[in-house]
Undergrad: 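Here's a structure for you.
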Amino acid sequence: MIYENNALTAAINTWIDGALSESLPKRICCSCFATELSGYYSKDLLSRAYFVVVDELPLPTFLAHENPLFKGFLEMDMDAITYKNTYFIKARRANNMTLHFHELVHVIQWELLGAENFVERYLSELEAYGYDEAPLERMAYGLQGAYEKGQAFSVEYMIKSDL
């Protein structure tokens, strides 16, 4: 089932734009990971991706009223979440390179799909499969697993091939 709700998608993107705007002074460019992520992400990608260290993740809590599955997703104990070219990461996990790797996968997914398509697809996948089996998450966790094994590969190429 494809989740399409143009009003909800617009509301989510408006909320995201507000959260990103508020975070601008705290953003850190991912180019700081050029050495650690060499061979996985291009310098160009890292230069246009950002992260923000937070105590609490900014979440669009109004989604909880749309669907019980969304409520469950929002109540998960997440350590990070990605919105467009920026991800928010909890301070206690800010030094976890594997988590940064995972969230950068989502940055690329957002970039390739576009904001509207990403939101609609992500919500549709949550609704159809749940978080653990959602294809966009499975892709991120699969690539993360290869990274953890030390296998060098172009993440951007792999995602473009799979989307």
Side-chain angles (χ1 to χ4, degrees), residues 3 5 7-33 36-37 40-41 45-145 147-148 155-156 159 163:
Y3 191 87
N5 182 331
L8 181 60
T9 300
I12 292 168
N13 275 310
T14 298
W15 180 89
I16 288 170
D17 288 342
L20 292 176
S21 179
E22 287 177 25
S23 74
L24 282 174
K26 299 174 187 171
R27 287 191 331 171
I28 301 167
C29 185
C30 291
S31 61
C32 67
F33 300 130
E36 295 92 328
L37 296 176
Y40 297 99
Y41 293 102
L45 181 275
L46 294 174
S47 72
R48 63 181 189 271
Y50 301 88
F51 68 97
V52 180
V53 178
V54 295
D55 292 323
E56 293 295 322
L57 299 178
L59 297 170
T61 54
F62 64 89
L63 275 178
H65 304 292
E66 292 294 321
N67 183 313
L69 290 172
F70 302 156
K71 183 178 185 214
F73 171 74
L74 293 167
E75 291 174 349
M76 289 174 50
D77 185 24
M78 295 181 280
D79 290 318
I81 194 161
T82 302
Y83 301 123
K84 299 182 180 182
N85 71 337
T86 303
Y87 57 94
F88 295 81
I89 187 168
K90 287 186 178 175
R92 65 185 168 136
R93 298 291 304 272
N95 293 324
N96 184 312
M97 192 53 57
T98 300
L99 187 54
H100 286 279
F101 180 96
H102 178 100
E103 296 307 318
L104 283 164
V105 170
H106 292 311
V107 168
I108 296 169
Q109 292 169 338
W110 274 92
E111 190 173 272
L112 292 174
L113 293 171
E116 183 176 304
N117 289 333
F118 181 91
V119 168
E120 288 177 359
R121 181 168 170 177
Y122 199 88
L123 293 178
S124 176
E125 290 181 5
L126 280 178
E127 194 170 48
Y129 305 103
Y131 175 82
D132 291 334
E133 297 300 320
L136 289 172
E137 284 300 337
R138 289 180 55 92
M139 179 188 295
Y141 281 110
L143 294 169
Q144 175 186 326
Y147 168 74
E148 290 173 327
V155 177
E156 293 150 278
I159 294 172
L163 278 183

Undergrad: Does the side chain of L45 reach to within under 4.5 Å of the side chain of C30, using non-hydrogen atoms?
TA: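 L45 vs C30: side chains apart.
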Undergrad: Is there side-chain contact between V155 and L37, with heavy atoms separated by less than 4.5 Å?
TA: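 No, every pair of side-chain atoms sits at 4.5 Å or beyond.
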Undergrad: Tell me every residue that passes side-chain hydrogen bond (donor to acceptor under 3.5 Å, both in side chains) with R48, counting only those two or more places apart in sequence or in another chain.
TA: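 Partners of R48 by the side-chain hydrogen bond (donor to acceptor under 3.5 Å, both in side chains) criterion, ordered by chain and then number, come out as D44, E111.
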Undergrad: Go through the structure and list residues passing side-chain hydrogen bond (donor to acceptor under 3.5 Å, both in side chains) with T82, not counting sequence neighbours.
TA: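 For T82, the residues satisfying side-chain hydrogen bond (donor to acceptor under 3.5 Å, both in side chains) (neighbours in sequence not counted) are E103.
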Undergrad: Could you pull out the closest heavy-atom pair between F70 and L63, with the gap in Å?
TA: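 Smallest interatomic distance, heavy atoms only, reads CB-O, 3.6 Å.
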Undergrad: E75: which residues meet the side chain to side chain contact (heavy atoms under 4.5 Å, CB included) condition with it, sequence neighbours left out?
TA: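 Per chain and number, E75 pairs via side chain to side chain contact (heavy atoms under 4.5 Å, CB included) with K71.
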Undergrad: Can you tell if the side chain of L104 reaches within under 4.5 Å of the side chain of L46, non-hydrogen atoms only?
TA: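 A side-chain contact under 4.5 Å exists here.
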Undergrad: Compare every heavy atom of I159 with every heavy atom of L143, then report the nearest pair and how far apart it is.
TA: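 Looking at all heavy atoms of both residues, the shortest contact is CD1-CG1, 3.7 Å.
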Undergrad: Could you give all pairs that pass the ring pair (Phe, Tyr, Trp, His ring centres under 6.0 Å) test and reach residues 85-104, with sequence neighbours left out?
TA: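 Listed by first then second residue: F33-H100, Y40-F101, Y41-F101, F51-Y87, F51-H100, Y83-F88, Y87-H100, F101-Y147, H102-H106, H102-Y141.
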Undergrad: Report yes if some heavy atom in the side chain of L112 is under 4.5 Å from a heavy atom in the side chain of N117; otherwise report no.
TA: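 Heavy-atom side-chain distance check fails, nothing below 4.5 Å.
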Undergrad: Do K26 and D55 meet the salt-bridge criterion of a basic N to acidic O distance under 4.0 Å?
TA: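 No.
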Undergrad: Tell me every residue that passes side chain to side chain contact (heavy atoms under 4.5 Å, CB included) with M76, counting only those two or more places apart in sequence or in another chain.
TA: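 Per chain and number, M76 pairs via side chain to side chain contact (heavy atoms under 4.5 Å, CB included) with F73, M78, Y131.
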Undergrad: Nearest 0.5 Å, please: how far is CD in E137 from OH in Y129?
TA: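 With rounding to 0.5 Å, OH (Y129) is 14.0 Å from CD (E137).
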Undergrad: Quick check: closest heavy atoms across A140 and Q109, and the distance to 0.1 Å?
TA: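 Shortest heavy-atom separation between A140 and Q109 comes out as N-NE2, 4.5 Å.
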Undergrad: Is the backbone N or O of A10 less than 3.5 Å from a side-chain atom of T14, with the two atoms forming a donor-acceptor pair by type?
TA: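 Such a contact is found between T14 side chain and A10 backbone.
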Undergrad: Check for a donor-acceptor pair, side chain of S21 on one end and backbone N or O of G18 on the other, with a separation under 3.5 Å.
TA: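 Here the side-chain-to-backbone pair does not exist.
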Undergrad: Please round to the nearest 0.5 Å and tell me the distance separating atom CZ of R93 and atom CG of L99.
TA: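 Nearest 0.5 Å value for the CZ-CG distance: 5.0 Å.
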Undergrad: What is the distance from atom CD1 of I89 to atom CD1 of I81, rounded to the nearest 0.5 Å?
TA: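 So the gap between those two atoms works out to 12.5 Å.
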Undergrad: Within the 4.5 Å heavy-atom criterion, are V105 and Q144 side-chain neighbours or not?
TA: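 When only atoms from C-beta onward are counted, Q144 and V105 do not touch, as no gap falls below 4.5 Å.
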Undergrad: Checking A115 now: which residues fulfil side chain to side chain contact (heavy atoms under 4.5 Å, CB included) with it, not counting sequence neighbours?
TA: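 In terms of side chain to side chain contact (heavy atoms under 4.5 Å, CB included), with neighbours along the sequence ignored, A115 is linked to N13, K84, W110.
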Undergrad: In the structure I gave you, are the side-chain heavy atoms of R92 and D79 within less than 4.5 Å of one another anywhere?
TA: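 In contact.
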Undergrad: For the residue pair K90 and N96, establish whether any side-chain heavy-atom pair is separated by less than 4.5 Å.
TA: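 No - every pair of side-chain heavy atoms lies 4.5 Å or more apart.
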